[in-house]
Number of protein chains: 2
Amino acid sequence: MKEIFASDRDGSGGAGGTPPAPAALAAKVRTLAPSMTRSMQRVAEAVAGDPAGCAALTVTGLAELTGTSEATVVRTARLLGYPGYRDLRLALAGLAAQQQSGRAPAITTDIAVDDPIADVVAKLAYDEQQTLADTAAGLDTAQLAAAVTALATARRTDVYGVGASGLVAQDLTQKLLRIGLVAHAHSDPHLAVTNAVQLRAGDVAIAITHSGSTGDVIEPLRVAFERGATTVAITGRPDGPVSQYADHILTTSTARESELRPAAMSSRTGQLLVVDCLFVGVAQRTYESAAPALSASYEALAHRHRS
Amino acid sequence: MKEIFASDRDGSGGAGGTPPAPAALAAKVRTLAPSMTRSMQRVAEAVAGDPAGCAALTVTGLAELTGTSEATVVRTARLLGYPGYRDLRLALAGLAAQQQSGRAPAITTDIAVDDPIADVVAKLAYDEQQTLADTAAGLDTAQLAAAVTALATARRTDVYGVGASGLVAQDLTQKLLRIGLVAHAHSDPHLAVTNAVQLRAGDVAIAITHSGSTGDVIEPLRVAFERGATTVAITGRPDGPVSQYADHILTTSTARESELRPAAMSSRTGQLLVVDCLFVGVAQRTYESAAPALSASYEALAHRHRS
DNA sequence: GCCGAGCCGAAAATATCTTTCAGTAGTGAC
DNA sequence: GTCACTACTGAAAGATATTTTCGGCTCGGC
């Protein structure tokens with residue numbers, strides 16, 4: 001009895017930083033799979049394929065099932081954002097329970113050359129929906145909120161993106177301009193760098209790259225970073241080189257790609273969702289000025305529509 | 001007392017000894033509560049009252065929380081039908097996950113100024129998923145197939161779009177170029193019209209406009225139509241003015257919009273799905289030349305990625 | 001007040017998870 | 001083609017959590 005008073009109430013405490021994922025696990029597996037090693041991928045695959053089964057296994061059991069070692073299992077759990085295997089297992093049990101009570105995830109096959117057009121539509125739509133769900137689930141809201149704050153108070157904002165990501169950069173820029181912010185999109189690497197030099201503390205630089213290793217957008221971000229601007233990376237590979245110059249990292253889902261389904265397709269969908277979230281977040285923060293600006297731009301366009 | 005123990009063993013033994021309780025835990029607690037000792041009741045109470053919280057605790061933590069000992073916690077777990085505390089904890093995590101997923105549908109409401117950022121993400125993702133589903137369901141595959149055929153055999157293709165739709169036009173153009181087709185995107189209405197004059201039968205002109213009444217893209221489409229080119233409209237308003245000059249109409253979903261959620265946001269998602277479908281369709285038709293072109297462009301970009 | 005039955009918790013024993021460390025395969029440079 | 005290097009991997013040691021054991025304790029009956 002007496003020991004109770006002496007004992008410390010807080011036994012769990014500990015874990016600071018980011019909260020793990022409850023049901024966003026499948027999403028996280030898909031998102032992080034590319035940055036995993038072979039052994040870890042085997043573990044991740046087993047986990048994603050049979051959450052209920054894996055939840056019943058100990059580290060040793062799962063290691064044997066996947067033909068790897070305990071260390072690899074723990075490493076995988078860490079990569080997925082859990083402090084250790086114990087917590088991954090807990091999340092796994094939760095996921096299994098949800099799946100059992102809810103819906104079963106449909107698995108789509110790849111697009112074939114001879115697929116009828118109706119199948120193409122269905123598969124593409126499903127894939128992009130999946131990308132949206134995964135991206136939403138995997139998005140770090142703390143990072144997002146920080147990026148929104150930075151944007152809302154920035155003197156000016158530069159957005160870097162080339163190729164398909166360049167269009168996303170332009171999309172974000174268009175939106176920010178509509179609510180009265182100063183934003184520029186750069187697709188030309190040289191101009192991007194020369195403009196980045198002008199940035200200083202309080203400004204914001206955003207790099208958009210699916211691979212996380214596109215030199216043409218990393219370079220201007222590095223310059224902006226070194227000039228003291230707040231830097232944001234929107235990438236599918238949070239472990240990529242771009243992240244070393246990013247104050248805030250917003251991760252998009254990495255759906256599998258194939259010959260007829262280039263990566264640019266689904267990555268763009270995820271990137272646009274992130275961009276939309278940024279925009280709405282900023283619009284909320286600056287509502288007083290954003291709302292009238294939005295209405296004004298809407299009315300200004302009205303006369304360009306034929307009846 | 002021994003009868004209780006025996007009957008309990010039979011009860012769980014009826015399920016083969018292995019499967020305990022997934023979600024029927026609260027019920028089991030109430031049922032078995034009378035046959036519990038005081039300490040065990042405290043444990044059972046804590047478990048039933050806050051499954052999620054207890055799932056985060058170790059056996060020691062739960063013992064301290066309830067002012068009992070580890071042994072008592074384990075004994076309680078056994079009484080509830082689990083082999084030990086470890087398994088009770090797993091079931092607890094599952095229960096918590098189920099409860100949490102139960103209160104999900106707060107998404108259907110509009111985005112408010114004071115919505116937390118996490119809600120914004122969920123709502124936007126849900127909305128865009130909805131747009132994808134609606135667009136896929138409403139897409140006329142016959143029209144789509146006809147448009148694909150026209151594109152695959154076209155001498156050249158012009159795509160018109162202004163504002164947000166201009167980015168979609170560029171996206172389509174980028175993709176078509178990657179598989180060796182001749183395509184141009186036009187955001188400048190004047191240039192669009194002057195280029196449209198060059199089109200003739202066998203060429204394709206595509207107008208992208210959500211409202212279906214954007215004069216700046218209707219005008220070049222009209223010119224192309226009159227020059228004998230095959231014309232395609234990607235619009236959210238198939239009854240709009242743009243359709244009168246379109247041989248093939250591809251309809252995108254029109255999701256509701258609001259102050260903080262401009263139409264450009266979800267319309268863009270639907271337009272991009274249509275564009276992707278066009279691209280994949282054309283890539284299928286021209287597979288012999290498209291596949292090597294895709295690989296080539298992929299490899300050509302590889303060296304622009306940092307390691 | 002004494003006795004017995006069974007509840008309870010501290011600590012030992014065991015299982016499980018985590019970390020460390022060294023071997024190995026893959027990779028790029030020369 | 002060879003070499004050096006990086007980084008993945010698994011075995012075993014180390015740390016934690018769980019389970020078992022065992023003796024003290026309370027409570028009711030006589």
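Computed from heavy atoms alone, side chains included, the values below leave out hydrogens, waters and symmetry copies. First the proteins, then the strands, lettered A, B, ... as listed; each starts at 1.
Closest approach to the B:R78 side chain among C:dG9, D:dT9, D:dT19 is made by D:dT19 (side chain taken as heavy atoms from C-beta onward). Of the candidates C:dG9, D:dT20, D:dT9, D:dT20 carries the atom nearest the B:V74 side chain, counting heavy atoms from C-beta on. The side chain of B:R75 sits closest to C:dG9 out of C:dT18, D:dG10, C:dG9.
Rounded to whole Å, atom C1' of C:dC7 lies 13 Å from atom CD of B:Q41. We find that CE of A:M36 is positioned 18 Å from P of D:dA7, with the value rounded to whole Å. Going from atom CZ of A:R86 over to atom P of D:dA15 covers 16 Å, rounded to whole Å. The OH-C1' distance, from B:Y82 to D:dT18, rounds to 17 Å in whole Å. We find that CZ of A:R42 is positioned 8 Å from P of D:dT9, with the value rounded to whole Å. Atom CD of B:E70 and atom C1' of C:dA13 are 14 Å apart (whole Å). Straight-line distance from the CG atom of B:D87 to the P atom of C:dA15: 15 Å, rounded to whole Å.
You'll find the side chain of A:V159 reaches within 4.5 Å of the side chain of A:T157, heavy atoms only. A heavy-atom distance below 4.5 Å is found between the side chains of B:R89 and A:R86. Under the 4.5 Å side-chain criterion, counting only non-hydrogen atoms from C-beta, A:T235 is not in contact with A:T252.
The number of heavy atoms from other shown groups lying within 6.0 Å of CD (B:E45) does not exceed 12.
Listed in residue order, the members of residues 54-69 of chain A having a heavy atom less than 4.0 Å from DNA chain D are A:G67, A:T68, A:S69.
Contacts of B:R89 with the nucleic acid, taken as non-hydrogen atoms under 4.0 Å apart, involve only primed sugar atoms and P, OP1 or OP2.
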Could you list the donor-acceptor pairs under 3.5 angstrom formed by side chains in residues 74-81 of chain A, with sequence neighbours left out?
unit_1	atom_1	unit_2	atom_2	d
A:T76	OG1	A:T72	O	2.8
A:R78	NE	A:P83	O	2.5
A:R78	NH2	A:P83	O	3.2

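Nearer to the 5' terminus of DNA chain C, by closest-nucleotide assignment, is the contact made by A:Y85 (compared with the other of A:R38 and A:Y85).
For the 3.5 Å distance criterion, the side chains of A:T66 and A:T68 qualify, holding a donor opposite an acceptor.
Under 4.0 angstrom from either OP1 or OP2 of C:dC7 there lies no side-chain N or O belonging to B:T37.
Considering B:T60, B:L62, B:L65 as possible partners of B:V73, the one that fulfils the side-chain contact (heavy atoms from CB on, under 4.5 Å) test is B:L62.
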